[in-house]
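Here the structure comes first, spelled out in structure tokens, and everything after it is commentary.
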Amino acid sequence: MFSVQRRGAARLAAATVVSGLVVAGSIAIAGPAVADDKPAGTGGATATLGDLKIFDDVVIKGKKDRKVSAGLFEMTVKPGGSIQTYCIDLYTGAKTGEEYKEVGWDQSSLHNNKDAGKIRWILQNSYPQVNDLEILAKKAGASKLSKETAAAATQAAIWHFSDKVNAVPEDAEAAKLTEYLEKSAVELSEPAASLSLSPSSVAGKAGGRLGPVTVDTNAATAKVSLAPGAPAGVKIVDKDGKVVTDVTKGSQVYFDVPAGTEGSAELTVQADTTVPIGRAFVATRTKSQTLILAGTSTSTVSAKASATWVKQGAAPFVTAEKNCAKGGVDVTLGNKGDQPWELELKGMKHSIAPGESKTVTVPVAEDEAYKFTITGPNGFEQVIEGVLDCKTATPGPTPSETPTDTPSPSQTPATGGTTSGSTTGGGDLAETGSSNATPMIAGVAVALLVVGGGAVFFLRKKKTVGQ
């Protein structure tokens, strides 16, 4: 499930809804064929949050106990496939219909959680990965489990390590499973990405091969193609100059650029594979509950990389990624041309010599919206924009909010809200599956939707080189 408390009014006021893309690596410069609201990313699965499908009641113990619906969400992978996820951010509101992106733990609230590996163990050793409920009940010393109570018990155990709360299923047998999972969990390593490209942006002079771009994937094979709109004569090739259409893990590809041209292009790698259990999913455009993968079908995943080139002079490239450990955005500035690149970033002047690259960390406060522009020669311009969201929310309503009892599942639909795209809410736990039966809950839903800033980030090319 998702159940998340609203952060303080000051934090909400600082956050904004931003269109963008959360990345697990560097973000590519968008090529001419890419719309501004669909910036290129390093890759992985992109999914839309659906309903809370399999759930039961869990009580969050505290000064005032809170009953919430806990269990598995269903998400639809674009362009194909489906996944199931649990929540790892109890006190943040969830929004159905929101786009989510697969990311590494360092790009999520797990970045500083010493128990992140134990959460992955729970995912591997409980429902739905262990779908024989008789065996699971026997391990836990329980007499009987249903899908609903097993999912609730698993979610409760995950919250113990993700949000440091005492969450207890109302069903007594499910409570035994929660206790078993919490006591048995051991550290497992972070799973690798389903698909990623490194680097996601390259640059250089026309008349040669730009790259390499290295493919990392758990798929047996993937398709690589040049995005529509690339200048005439540009090809995707291997190190020997042979045109490439299929790639595997470790493959290296290049942009083969004709001499005498200036411009940019983009490639796409796509594969059908299963996303590894334990990968984090974060909302891309607005603040919504962080999720972790628990079950998956074969899904279509993709990744993009871009190239810019010039006839002569500086040939800049920019990649960027959220740095939760440092509380900011790492911006890598590089120059593959034959002249220095002089630029200004957030009031600081930088000179990037030919063949040089440097990474600058731009500090950003938690939940703060950020937007800054990087410019270069020949009309090169990059806009970096997003909201930093690296921490789980903390419990407790703001002074202007009065807690109310959470509706029971029998009163509410098993969805992330009563309408697509709404924020779930109620009391100091904005619970997925709760109703908007009262004006207060509806008001909180609207406030979170309008003001809530997501842990989002995108890098957009507003004007390509040579245009």
Side-chain angles (χ1 to χ4, degrees), residues 1-5 50-74 84-91 94 115 118-119 121-185 277 289 291-292 294-295 395 403-416 424 426-435 437:
M1 132 188 198
F2 289 144
S3 190
V4 179
Q5 164 233 350
D51 296 340
L52 183 66
K53 282 288 189 179
I54 305 172
F55 65 95
D56 200 31
D57 289 341
V58 164
V59 176
I60 308 300
K61 298 292 186 179
K63 291 182 178 179
K64 181 177 180 180
D65 290 351
R66 285 300 198 181
K67 183 169 69 174
V68 298
S69 296
L72 282 166
F73 283 95
E74 182 179 89
Q84 293 175 302
T85 53
Y86 285 113
C87 164
I88 52 171
D89 189 6
L90 172 62
Y91 294 106
D115 293 321
K118 292 183 179 180
I119 295 174
W121 184 93
I122 292 172
L123 295 167
Q124 297 281 18
N125 291 274
S126 192
Y127 184 78
Q129 289 301 299
V130 179
N131 58 16
D132 189 323
L133 296 177
E134 290 186 6
I135 291 177
L136 189 59
K138 185 176 181 181
K139 287 183 178 180
S143 60
K144 185 179 181 180
L145 293 170
S146 66
K147 291 188 299 182
E148 292 76 15
T149 59
T154 305
Q155 177 65 90
I158 289 171
W159 279 333
H160 174 77
F161 293 112
S162 66
D163 291 79
K164 315 304 179 187
V165 298
N166 181 16
V168 181
E170 281 205 322
D171 181 87
E173 300 306 305
K176 294 177 182 178
L177 175 58
T178 297
E179 183 178 6
Y180 160 74
L181 294 171
E182 292 176 359
K183 289 183 177 180
S184 302
I277 301 303
Q289 210 165 67
L291 306 175
I292 194 163
T404 61
D405 291 333
T406 303
S408 68
S410 62
Q411 297 172 305
T412 63
T415 68
T424 60
D428 60 352
L429 293 180
E431 179 195 357
T432 299
S434 64
S435 79

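For this chain, numbers begin at 1 and follow the sequence in order. Only this structure's heavy atoms are used, side chains among them; waters, hydrogens and symmetry mates stay out.
- Side-chain contact check for L136 versus S126: some heavy-atom pair is nearer than 4.5 Å.
- Nearest approach of F161 to E182, heavy atoms of both residues: CZ-O, 3.6 Å.
- A heavy-atom distance below 4.5 Å is not found between the side chains of Y86 and I122.
- With contacts defined as side-chain heavy-atom distances shorter than 4.5 Å, the pair T149/E173 does not qualify.
- Using a 4.5 Å heavy-atom cutoff, the side chains of D56 and E170 are not in contact.
- Y127 has its side chain out of reach of S146: every pair of non-hydrogen atoms, C-beta onward, lies at least 4.5 Å apart.
- When all heavy atoms of A153 and A174 are compared, the pair lying nearest together is CB-O, 3.2 Å.
- Between E179 and K176, none of the side-chain N atoms (NZ, or NE/NH1/NH2) sits under 4.0 Å from a carboxylate O, so this pair counts as no salt bridge.
- Nearest heavy atoms, T178 versus A156: OG1-CB, 3.8 Å.
- Scanning both residues, L133 and K147, for their nearest heavy atoms gives CD1-N, 3.5 Å.
- Counting all heavy atoms, side chain and backbone alike, P128 lies closest to A294 at CG-O, 3.7 Å.
- Between W121 and Y180 the shortest heavy-atom distance is CH2-OH, 4.3 Å.
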